Colleague: 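Submitted below is the structure of interest, expressed as structure tokens.
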Amino acid sequence: MNMRTRVGIIGAGPAGLLLSLLLAADGIDSVVLENRSREEIESTIRAGVLEQGTVDLMEELGLGERMQREGAIHHGIELRFDGEGHRIDFSTLTNGRGITLYAQHEVVKDCVAERLKQGGPIFFNVKDVHLYNVASDQPSIQFVHEDETIELQCDFIAGCDGFHGVARSSIPEAKQKIFTRSYPFGWLGILMQAPPSSKELIYAYHERGFALVSTRSPTLQRMYIQCDPLDAIENWSDAMILEELQARLESKDNWQLKVGPVSQKSILAMRSFVIEPMQYGRLFLAGDAAHIVPPTGAKGLNLAANDIRHLAHALTLYYKRNETDLLEAYSKTCLRRVWRAEHFSWWMTSMLHRFPDDDAFQQRMQRAQLEYTVSSQAASASLAENYVGLPFGW
Ligand code: FAD
Ligand code: DHB
């Protein structure tokens with residue numbers, strides 16, 4: 001079967017879905033292809049922190065209502081070390097800006113529902129996705145859906161298929177440069193049925209390793225501990241996880257972790273990755289397909305939203321005024337923010353984790369950085385402005 005669309009979008013993660021909605025708002029048709037089921041993408045637990053720019057984007061698309069009702073606005077975070085908490089006050093340091101806690105799979109649910117309401121199309125459970133002629137002005141995507149092979153002719157292809165997707169490999173090796181770093185630790189993440197232990201997120205540096213307290217709702221909490229990235233989750237009983245959390249979050253005041261049953265647990269590896277450029281011919285990469293950050297700065301989802309805003313704007317100008325300047329500048333425009341986020345995420349990660357080979361000198365360096373960050377207004381402001389997100393177009 002043959003189909004035709006203006007923009008063929010591979011991947012129904014936040015990047016692909018937001019792109020299809022932004023294009024639709026400007027009257028540009030697209031087709032989204034996703035290799036997992038709707039149920040799976042709507043239940044995979046991932047990020048939770050939305051920058052103001054991402055919140056604004058959801059609102060612009062008419063998706064703000066449930067996020068406002070169920071999400072929580074935070075105006076600071078705590079950095080905890082040596083048993084003492086130090087608040088980084090976003091409101092005063094960034095002119096009243098803050099972050100919203102709203103789970104990524106809720107963003108995905110809202111986007112899927114809206115796009116399907118508009119008539120889609122989103123093809124779920126597709127297989128054997130192949131890209132053709134991406135360097136020409138008639139690129140196409142071949143895929144299998146319900147045992148039928150479909151040839152989708154496009155004007156443009158958006159590779160929004162995450163780090164393990166297929167789109168990136170259509171860029172010839174001679175035309176790309178890869179920058180990467182892997183970290184000698186991972187995060188063990190859990191969901192716990194308990195009330196919040198704190199009004200804001202706690203990032204804890206401890207000699208046993210990093211710990212993070214986050215939240216999802218008044219009855220469901222999200223927490224992470226640094227672990228061996230190659231460890232199997234089966235090696236971690238709920239009791240061991242709780243013991244580790246309590247030890248790493250120790251506090252000299254009367255603060256106590258509120259505990260309850262653990263309902264989900266998994267281990268994720270951490271890496272930094274960037275491909276340059278993010279475009280080849282009529283293929284444009286966005287989100288995790290083009291770059292990965294370690295999660296310590298909560299930047300992954302927000303970077304994806306930023307790429308998409310630029311890509312949608314560039315495509316709109318192309319269709320409305322036949323202008324190609326923004327399409328040509330897409331990669332350069334996005335990479336500036338990507339590298340800022342790469343640095344911030346690497347910096348937060350380096351400051352807060354124990355490295356297997358770190359010596360007494362390295363630990364003194366981390367402590368000096370932590371003490372400076374919480375005691376200097378300039379250093380706190382730098383963390384705060386990066387964390388809440390630099391303005392769009394920075
Ligand atoms: P994705 O969300 O990965 O979406 C890509 C989509 O493409 C997926 O639905 C995938 O199924 C689909 N796909 C892949 N291959 C194909 C194909 N061949 N054909 C069709 N479809 C395909 N960030 C944070 O800020 N904080 C966190 O705590 C955090 N936790 C994370 C935990 C995990 C396990 C992972 C993997 C990532 C985490 N991230 C976190 C990063 C954040 O979730 C990502 O940056 C964000 O999902 C990027 O969105 P995306 O749309 O670019 O990619
Ligand atoms: C969450 C994830 C992060 O990577 C982070 O830095 C803060 C919070 C979360 O899942 O809630």
Side-chain angles (χ1 to χ4, degrees), residues 8-20 31-38 40-42 44-51 54 71-72 74 77 99-105 107-108 111-112 122-131 141-145 157-170 186-191 200-203 210 212-217 220-224 264 266-271 273 285-308 338 341 344-345 348-349 352 387 389:
I9 301 175
I10 311 176
L17 292 165
L18 288 168
L19 179 61
S20 69
V31 172
V32 177
L33 310 177
E34 167 59 50
N35 66 359
R36 294 187 295 156
S37 67
R38 180 176 180 185
E40 205 180 334
I41 63 166
E42 291 187 347
T44 305
I45 307 297
R46 286 197 177 177
V49 175
L50 307 187
E51 293 174 1
T54 309
H74 288 197
I77 55 166
I99 49 156
T100 297
L101 269 285
Y102 189 62
Q104 176 169 332
H105 68 279
V107 172
V108 166
C111 290
V112 168
I122 305 175
F123 288 89
F124 295 102
N125 299 308
V126 302
K127 286 190 280 204
D128 301 333
V129 176
H130 294 284
L131 291 74
I141 311 171
Q142 193 188 68
F143 63 99
V144 175
H145 184 250
I157 298 178
C160 302
D161 49 350
F163 183 66
H164 300 286
V166 292
R168 198 171 57 238
S169 62
S170 291
W187 276 14
L188 189 164
I190 61 165
L191 283 176
E200 293 172 341
L201 272 55
I202 305 171
Y203 286 78
F210 170 74
L212 169 59
V213 176
S214 181
T215 185
R216 285 294 178 267
S217 76
L220 192 65
Q221 310 313 316
R222 179 78 165 144
M223 292 171 215
Y224 301 93
Q264 204 260 1
S266 61
I267 290 177
L268 63 120
M270 285 164 70
R271 63 161 70 81
F273 173 95
L285 301 179
D288 278 18
H291 41 71
I292 297 282
V293 287
T296 324
K299 288 284 157 249
L301 165 60
N302 295 296
L303 268 187
N306 189 72
D307 291 351
I308 284 313
V338 167
F344 178 66
S345 307
M348 286 281 279
T349 302
L352 288 163
Y387 197 96

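Numbering of residues begins at 1 and proceeds along the displayed sequence. Note: hydrogens, waters and symmetry copies are ignored here, and every other heavy atom, side chains too, is used. Here the structure is a predicted model, which is why all the values come from computation and not from measurement. Numbering of ligands and ligand atoms starts at 1, following listing order.
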Colleague: May I ask you to decide if F163's main-chain N or O and D288's side chain share a donor-acceptor pair within less than 3.5 Å?
Modeller: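 Such a contact is absent between D288 side chain and F163 backbone.
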Colleague: Can you tell which part of N35 has a heavy atom less than 4.0 Å from ligand 1: side chain, backbone, both or neither?
Modeller: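 N35 to ligand 1: contacts from backbone and side chain alike.
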Colleague: For ligand 1 and A289, I'd like to know whether there is a polar contact (N/O to N/O, distance under 3.5 Å).
Modeller: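 Min N/O separation from ligand 1 is not below 3.5 Å for A289.
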Colleague: G162 heavy atoms, cut-off 4.0 Å: which ligand 1 atoms fall inside?
Modeller: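 Answer, ordered by atom number: 3 (O), 5 (C), 53 (O).
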Colleague: For atom 14 (C) of ligand 1, which candidate among D161, L50, I267 provides the closest heavy atom?
Modeller: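 Closest candidate by heavy-atom distance is D161.
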Colleague: Can you list the ligand 1 atoms lying under 4.0 Å from a non-hydrogen atom of L33?
Modeller: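 This gives 20 (C), 21 (N) as the contact atoms.
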Colleague: Among D161, N35, I10, V144, whose side chain to side chain contact (heavy atoms under 4.5 Å, CB included) with V129 holds?
Modeller: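 Result: among D161, N35, I10, V144, I10 is the only option passing the side chain to side chain contact (heavy atoms under 4.5 Å, CB included) with V129.
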Colleague: Show me a pair-per-line table, with atom names and distances to 0.1 Å, of protein N or O atoms that are under 3.5 Å from an N or O of ligand 2.
Modeller:
| from | atom 1 | to | atom 2 | distance (Å) |
| --- | --- | --- | --- | --- |
| ligand 2 | 4 (O) | P295 | O | 2.6 |
| ligand 2 | 6 (O) | Y203 | OH | 2.6 |
| ligand 2 | 6 (O) | P295 | O | 3.1 |
| ligand 2 | 6 (O) | T296 | O | 3.3 |
| ligand 2 | 10 (O) | R216 | NH2 | 2.7 |
| ligand 2 | 10 (O) | Y224 | OH | 2.6 |
| ligand 2 | 11 (O) | S214 | OG | 2.6 |
| ligand 2 | 11 (O) | R216 | NH1 | 2.8 |
| ligand 2 | 11 (O) | R216 | NH2 | 3.4 |

Colleague: In terms of relative ring orientation, are Y387 and Y203 parallel, tilted or perpendicular, with 30° and 60° separating the classes?
Modeller: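 It falls in the perpendicular class, over 60°.
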Colleague: So, the side chain of N306 versus the backbone of T54: is there a donor-acceptor pair under 3.5 Å, distance only?
Modeller: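 Looks like no, no N/O pair under 3.5 Å.
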Colleague: Under the side chain to side chain donor-acceptor pair (under 3.5 Å) rule, collect the residues that match up with E40, sequence neighbours excluded.
Modeller: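 Expected list: none.
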Colleague: Show the atoms of ligand 1 that are less than 4.0 angstrom away from any heavy atom in I41.
Modeller: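 In order of number, 9 (O).
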Colleague: side-chain contact (heavy atoms from CB on, under 4.5 Å) for K127 and H145? Distances and angles first, verdict last.
Modeller: CA-CA 7 Å; K127 286 190 280 204; H145 184 250; over 6 Å; no
Colleague: Would D288 count as being in polar contact with ligand 1, using the rule that some N or O on each side must be under 3.5 angstrom apart?
Modeller: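 D288 vs ligand 1: N/O contact under 3.5 Å present.
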Colleague: Which is it for V49 and ligand 1 at heavy atoms under 4.0 Å: side chain, backbone, both or neither?
Modeller: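 Looking at V49 and ligand 1, no heavy atom falls under 4.0 Å.
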Colleague: Can you tell which of M223, E200, R222, H74 makes a side chain to side chain contact (heavy atoms under 4.5 Å, CB included) with S214?
Modeller: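 With S214 as partner, side chain to side chain contact (heavy atoms under 4.5 Å, CB included) holds for just one option, R222.
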Colleague: Could you list the residues that satisfy side chain to side chain contact (heavy atoms under 4.5 Å, CB included) with A286, not counting sequence neighbours?
Modeller: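 Side chain to side chain contact (heavy atoms under 4.5 Å, CB included) check on A286 returns C160, D307, I308, Y330.
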Colleague: Under 4.0 Å from a heavy atom of V129: which atoms of ligand 1 are those, numbered in the order shown and with their elements?
Modeller: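 Counting from 1, the qualifying ligand atoms are 19 (N).
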Colleague: I need the atoms of ligand 1 closer than 4.0 Å to a non-hydrogen atom of Q104, numbered in the order shown.
Modeller: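 Ligand 1 atoms under the 4.0 Å threshold to Q104: 2 (O), 42 (C), 43 (O), 46 (C), 47 (O).
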Colleague: Give the residue and atom name of whichever protein heavy atom lies nearest to atom 4 (O) of ligand 1, and the separation in Å to one decimal.
Modeller: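 Looking at atom 4 (O) of ligand 1, the protein heavy atom closest to it is G13 CA, 3.4 Å.
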Colleague: Using 0.5 Å steps for rounding, measure from the CD1 atom of I292 to the CZ atom of R271.
Modeller: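 These two atoms lie 7.0 Å from each other.
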Colleague: Among K299, K127, R46, R222, which one has a heavy atom closest to atom 33 (C) of ligand 1?
Modeller: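 Minimum heavy-atom distance to atom 33 (C) of ligand 1 goes to R46.
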Colleague: Which of the numbered atoms in ligand 1 are below 4.0 angstrom from a heavy atom of G11?
Modeller: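 By the 4.0 Å cutoff, the relevant atoms are 6 (C), 7 (O), 12 (C), 21 (N).
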Colleague: Quick one: does V166 get an N or O within less than 3.5 Å of an N or O on ligand 1?
Modeller: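 No - when backbone and side-chain N and O of V166 are compared with those of ligand 1, no distance drops under 3.5 Å.
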Colleague: Is the side chain of T349 donor-acceptor paired with the backbone N or O of S345 at a distance under 3.5 Å, no angle test?
Modeller: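 Confirmed, T349 side chain pairs with S345 backbone.
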Colleague: Just jot down the ligand 1 atoms closer than 4.0 angstrom to any heavy atom of Y224, in number order.
Modeller: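 Close to Y224: 28 (O).
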Colleague: Among protein heavy atoms, which sits nearest to atom 40 (C) of ligand 1, and what does the distance come to when rounded to 0.1 Å?
Modeller: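 It is A47 CB, 3.7 Å.
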Colleague: Counting only heavy atoms on the protein side, is anything nearer than 4.0 Å to atom 7 (O) of ligand 1?
Modeller: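 Yes; the ligand atom in question has protein heavy-atom contact below 4.0 Å.
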Colleague: By side chain to side chain donor-acceptor pair (under 3.5 Å), which residues pair with Q264, not counting sequence neighbours?
Modeller: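 With neighbours one apart ignored, the set is empty.
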Colleague: Students should be able to answer this: which protein heavy-atom is nearest to atom 12 (C) of ligand 1, and at what distance?
Modeller: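 Result for atom 12 (C) of ligand 1: E34 OE1, 3.2 Å.
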Colleague: Could an N or O of ligand 1 be found under 3.5 Å from any N or O of H164, whether backbone or side chain?
Modeller: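 Between H164 and ligand 1 (N or O atoms, distance only) the closest approach is not under 3.5 Å.
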Colleague: For ligand 1, which atoms sit closer than 4.0 Å to a heavy atom of G287?
Modeller: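 Answer, ordered by atom number: 52 (O).
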Colleague: For residues A12 and E34, report the shortest heavy-atom separation together with the two atoms involved.
Modeller: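 Scanning both residues, the minimum pair turns out to be N-OE1, 2.8 Å.
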